[in-house]
Asks: 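There's a structure below that I have some questions on.
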Amino acid sequence: MPGEIGWADLTVPDAVAVRDFYTQVTGWTASEVDMGGYADYLMTPPDAAVPVAGICHARGGNSDLPPVWLIYITVADIEESVRQCEARGGKLRTPIKTMGAHGRYCVIEDPTGAAAGLFEKAG
């Protein structure tokens with residue numbers, strides 16, 4: 001649903017250690033996502049069918065993201081949301097990227113410097 005927080009990612013230098021931290025603290029289970037030479041992790045709550053968050057290595061396209069939980073806000077039209085962001089003093093931190101059949105996403109920065117992700121579901 002547009003306007004809802006649909007996901008959260010944590011990008012850090014050592015995703016394995018942070019993965020283990022959150023599995024012990026929250027009870028989440030981790031499943032690997034092959035990133036071509038290393039794995040990032042989908043984190044699923046106890047007794048849940050779907051993951052709620054990702055824990056990622058600060059590599060590749062994620063190398064310049066800060067080590068904070070980054071929320072992803074669902075939007076109806078990602079290009080229009082980026083236009084509105086920039087028109088209101090924000091910045092596009094990453095280009096719009098495709099997540100295969102899932103949709104598209106990007107990271108923006110608001111005028112205060114706070115980062116957030118935008119996500120547009122496919123189809």
Asks: If hydrophobic clusters are built by linking Ile, Leu, Val, Met, Phe, Trp and Tyr wherever their side-chain heavy atoms come under 4.5 Å apart, do Met43 and Tyr72 end up in the same one?
Replies: no
Asks: Are Met99 and Val107 grouped together when hydrophobic residues (ILVMFWY) are joined by side-chain heavy atoms under 4.5 angstrom apart?
Replies: yes
Asks: If the condition is side chain to side chain donor-acceptor pair (under 3.5 Å), which residues does Thr98 pass it with, not counting sequence neighbours?
Replies: none
Asks: Which atoms form the tightest heavy-atom contact between Ala115 and Arg93, and what is the distance?
Replies: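 So the minimum-distance heavy-atom pair works out to CB-NH1, 4.0 Å.
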Asks: Kindly give the heavy-atom pair with the smallest separation between Ala116 and Ile73, and that separation in Å.
Replies: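 Smallest interatomic distance, heavy atoms only, reads CB-CD1, 4.4 Å.
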Asks: List the atom of Trp69, the atom of Ala53, and the distance in Å for their closest heavy-atom pair.
Replies: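 Taking Trp69 first and Ala53 second, the nearest heavy atoms are CZ3-CB, 3.8 Å.
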Asks: Under the side-chain hydrogen bond (donor to acceptor under 3.5 Å, both in side chains) definition, can you give me all pairs with a residue in residues 29-53, not counting sequence neighbours?
Replies: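 Residue pairs passing side-chain hydrogen bond (donor to acceptor under 3.5 Å, both in side chains), neighbours aside: Arg19-Tyr41.
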Asks: Hey, does Val18 have a side-chain heavy atom less than 4.5 Å from the side chain of Asp14?
Replies: no
Asks: Output every pair passing ring-ring contact (aromatic ring centres under 6.0 Å, His included) with a member in residues 103-123, not counting sequence neighbours, ordered by first then second residue.
Replies: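 Output for this query is empty, none listed.
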Asks: Does Pro2 reach the side chain of Val75, with side-chain heavy atoms less than 4.5 Å apart?
Replies: no
Asks: Once side chain to side chain contact (heavy atoms under 4.5 Å, CB included) is applied, do any residues pair with Cys106, and if so which ones, sequence neighbours excluded?
Replies: Ile78, Val82, Leu92, Thr94, Ile96, Ile108, Leu118
Asks: Is there a donor-acceptor pair under 3.5 Å between the side chain of Thr26 and the backbone N or O of Thr23?
Replies: no
Asks: Which residue pairs satisfy the side-chain hydrogen bond (donor to acceptor under 3.5 Å, both in side chains) criterion with at least one member in residues 75-90, sequence neighbours excluded?
Replies: Glu79-Arg104, Glu80-Arg83, Glu80-Gln84, Gln84-Arg88
Asks: Taking Leu10 as the starting point, is it possible to reach Val33 by hopping between hydrophobic residues whose side chains are less than 4.5 Å apart?
Replies: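 Each belongs to a different hydrophobic cluster.
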Asks: Would a single hydrophobic cluster contain both Val68 and Ile5, if residues Ile, Leu, Val, Met, Phe, Trp and Tyr are joined by side-chain heavy-atom contacts under 4.5 Å?
Replies: no
Asks: Search all heavy atoms of Trp7 against all heavy atoms of Gly54 and return the closest pair with its distance.
Replies: CZ2-N, 3.4 Å
Asks: Identify the heavy atoms of Ala15 and Cys56 that sit nearest to each other, and give their distance.
Replies: CB-C, 3.7 Å
Asks: What are the two closest heavy atoms between Ala58 and Pro13, and how far apart are they?
Replies: CB-N, 4.1 Å
Asks: Could you name each residue pair satisfying side-chain hydrogen bond (donor to acceptor under 3.5 Å, both in side chains) that touches residues 53-66, not counting sequence neighbours?
Replies: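 Listed by first then second residue: nothing to list.
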Asks: May I ask whether Val50 and Ile55 are part of the same hydrophobic cluster, defined by side-chain heavy atoms of I, L, V, M, F, W, Y residues being less than 4.5 angstrom apart, directly or through others?
Replies: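 No, Val50 and Ile55 fall in different hydrophobic clusters.
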